[in-house]
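Here's the structure, in structure tokens; my notes come after.
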Amino acid sequence: MSQERDEIAVVGAGLAGCLLACFLARRGYRVALYERRPDPRTGTVERGRSINLALSERGLDALRRIGLDTQVMSDALPMRGRMIHPVAGESQFQPYSAAGDRAINSISRGALNNALLDAATALPGVRVAFDHRLVGLDPTTGEMTFETPQGKVLATSPVVLGADGAGSAVRGQLLGHGLLRESVDFLDYGYKELTIPPLGGDFALDPEALHIWPRGTSMMIALPNPDRSFTCTLFWPTHGTASFASLGSPAAIERHFAQHYPNLLPLAPNLVDDYQHNPVGVLGTVRCDPWQVTGRVGLLGDAAHAIVPFYGQGANCAFEDVVELDRCLDECADDWSAALPQFQRRRQDNAEAIAQMALANFVEMRDKVASPLFQFGRRVEHALERALPGRYVSRYELVSFSTTPYAEVRRRVRRQHRMLGAAGVGAALLLAGAVGSVLRRGRRR
Ligand SMILES: Cc1cc2nc3c(=O)[nH]c(=O)nc-3n(C[C@H](O)[C@H](O)[C@H](O)COP(=O)(O)OP(=O)(O)OC[C@H]3O[C@@H](n4cnc5c(N)ncnc54)[C@H](O)[C@@H]3O)c2cc1C
């Protein structure tokens, strides 16, 4: 542990902010974490706000570095593939990896946040100021203004880090001072949560899968929870026909689900109530530049680069940010004016790459996964991975089960596709072999 250093301000005690506090405290910094909400460990969970998320290798890698992976994983539910629910007919399981053994993990967002808060506050030098909403920031002096139940509070810090989420107030302050440009591209889609409670004390659906109801222009997904319920998330257009705006009465809601999600109705007794009372969340991609100003105010996580949730990577990416910032501080001997620009140089292309892959994955999840051609393609891809171990690796595998930088994932996947294309006859033969093995395996089942 190095000698005690200045107190760093981290705005936002969410997933990235708490993890960052842990990393900074381990470097010997004192950290003040400012959070607008009350302490979540004593309060109640907001209704209908994404109670679980999929944690994969990038997030786990960060947690391992602070020794929190085992604790977090003790309540995780591994999901080894997608279970596709068509409108009619049998559901179909599509494994995520060639050998079917790799899993992404459904975890409680609240429990993860609480575990990170506990870990941060257990470290010497970390203090958390709850009920502190940042409403003002002077980027040249580091003076912050917070709204609290007791009135306005001022604080000053030599380094202010915004980990305050997609609607970041720190980013807003930099924008207001003319120090940053931003674009926020909202989707014409929103999300709403529903619940499938346990059935006879057990999971109502296979708990080892991420369930998808692809419906072309929209979809629903469901992730398992440790209490044997599932949290379903509808991703629907906000306006137009078959949108959140188009369903009003309980009868219309039931009719719609009976027609498009027939296997859900008997499993979700509170569907109409959930639908009517749970909020519709917005979805969008945030881009901004720069991510830091004069080496004393910086942004990370969703505050710098919020993405749509369709690759299950937002939190994983935010955790990876923290690991990279820590690395930059190492390399820059804790000179923040060098480390923050270096962090942006290292992460910006990667954030853009996962932003684009996440958008593309929405089309895959809501539409393509249901097509027999797509399903066949995935089986061929897995056969190629088995035939060319380490040389052909699918995009999903690289994104979810490795820490290969996201921008490198895109380059590598393009290279692989070019290689297959250029190999021409060889590739055709390889594909034929792979297809043969898929068909043989299919016949053996
Ligand atoms: C429906 C949905 C599903 C998702 N599923 C996944 C998934 O499966 N896997 C995955 O990796 N990611 C997923 N994500 C993305 C993930 O939730 C985010 O990327 C992640 O929470 C970002 O962490 P963060 O700490 O940057 O921001 P946040 O988690 O948003 O935390 C920001 C914190 O800052 C606080 N704050 C905000 N404003 C202020 C202020 N003015 N002053 C003080 N404090 C403030 C907030 O209260 C909050 O505690 C999903 C997102 C959505 C919407």
Side-chain angles (χ1 to χ4, degrees), residues 9-21 32-40 43 46 48-60 62 76 79 104-110 112-114 116-117 128-137 144-148 153 155 160-173 187 189-193 210 220-221 223 231-235 278-286 299-322 351 354-355 358 361-362 365 399-400:
V10 175
V11 181
L15 300 180
C18 291
L19 182 73
L20 179 61
L33 256 177
Y34 296 100
E35 170 56 47
R36 71 175 171 191
R37 297 170 305 169
D39 189 338
E46 206 180 336
R49 284 292 184 199
S50 189
I51 69 157
N52 55 22
L53 52 78
L55 184 70
S56 48
E57 179 52 28
R58 292 164 204 270
L60 281 169
M79 302 178 290
I104 57 174
N105 305 287
S106 178
I107 53 159
S108 153
R109 173 192 295 266
L112 177 62
N113 207 152
N114 292 350
L116 284 164
L117 256 178
V128 192
F130 291 107
D131 288 313
H132 276 57
R133 175 191 291 271
L134 184 109
V135 291
L137 170 66
M144 299 162 283
T145 309
F146 296 96
E147 265 174 8
T148 77
V153 170
V160 178
L161 300 170
D164 50 347
S168 170
V170 174
R171 194 179 72 238
Q173 290 294 318
L187 284 191
Y189 285 77
Y191 73 95
K192 185 192 279 282
E193 295 189 351
L210 187 153
M220 182 174 80
I221 66 169
L223 274 69
T231 302
C232 307
T233 312
L234 299 168
F235 293 101
N278 287 352
V280 176
V282 295
L283 299 165
T285 306
V286 171
L299 299 168
L300 81 166
D302 276 14
H305 50 70
I307 59 176
V308 294
F310 305 112
Y311 230 119
Q313 284 295 311
N316 287 286
C317 179
F319 282 4
E320 210 175 39
D321 276 359
V322 174
I354 190 57
N361 219 40
F362 187 26
M365 288 176 82
V399 168
S400 301

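In what follows, every heavy atom counts, from backbone to side chain, and hydrogens, waters and symmetry copies are set aside. Counting convention: from 1, in listed order, for ligands and their atoms alike.
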Should the ring pair Phe362 and Phe235 be called parallel, tilted or perpendicular, given that the plane angle runs from 0 to 90° and is split at 30 and 60?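 Ring orientation of Phe362 relative to Phe235: perpendicular.
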Record the part of [X] in heavy-atom contact with ligand 1 below 4.0 Å; permitted values are side chain, backbone, both and neither.
X      : answer
Ala169 : side chain
Leu223 : neither
Ala163 : backbone
Phe146 : neither

When you compare ligand 1 with [X], is there at least one nitrogen or oxygen pair between them that comes in under 3.5 angstrom?
X      : value
Ala16  : yes
Thr233 : no
Leu134 : yes
Pro309 : no
Ala315 : yes
Gly301 : no
Asp302 : yes
Arg133 : no

Contacting atoms of ligand 1, where contact means under 4.0 angstrom from a heavy atom of [X]:
X      : answer
Arg37  : 47 (O), 49 (O)
Tyr34  : 43 (C), 44 (N)
Val11  : 42 (N), 43 (C)
Gly12  : 33 (C), 34 (O), 35 (C), 44 (N)
Ala54  : 7 (C), 8 (O), 9 (N), 10 (C), 11 (O)
Gly312 : 7 (C), 8 (O), 9 (N), 10 (C), 11 (O)
Gly165 : 27 (O), 30 (O), 32 (C)
His132 : 42 (N), 43 (C)

Which is closest to atom 50 (C) of ligand 1 in terms of heavy atoms, Arg36, Lys192, Glu320, Arg109?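 Nearest option to atom 50 (C) of ligand 1, by heavy atoms: Arg109.
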My understanding is that we take every heavy atom of each candidate and find the minimum distance to atom 1 (C) of ligand 1. Doing that for Phe310, Phe130, Tyr191, Phe319, which one comes out nearest?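 Looking at heavy atoms only, the winner is Tyr191.
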Has [X] got a side-chain atom pairing as donor or acceptor with [Y]'s backbone, closer than 3.5 angstrom?
X      : Y      : value
Asn316 : Gly59  : yes
Asn361 : Phe310 : yes
Arg58  : Val399 : yes
Asp321 : Leu299 : no
Asp164 : Val170 : yes

Within-shell test, Glu193 vs ligand 1, heavy atom, strictly < 4.0 Å: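 The answer is no, since Glu193 has no heavy atom less than 4.0 Å from ligand 1.
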Would you sort out whether Tyr191 and Leu283 count as a side chain to side chain contact (heavy atoms under 4.5 Å, CB included), showing the intermediate values? CA-CA 7 Å; Tyr191 73 95; Leu283 299 165; 3.5 Å; yes
Side chains of Asp302 and Val286: does their closest heavy-atom pair fall under 4.5 Å?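 In short, these two side chains do not touch, never coming nearer than 4.5 Å.
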Measuring only between side-chain heavy atoms, which start at C-beta, is Leu223 closer than 4.5 Å to Thr231?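 SC-SC contact between Leu223 and Thr231 ruled out.
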Identify the heavy atoms of [X] and [Y] that sit nearest to each other, and give their distance.
X      : Y      : value
Glu35  : Gly14  : OE1-N, 3.9 Å
Leu116 : Leu19  : CD2-CD1, 3.8 Å
Asn105 : Ala76  : CB-CB, 4.0 Å
Asn113 : Ala13  : ND2-O, 3.2 Å
Cys317 : His305 : SG-CE1, 3.6 Å

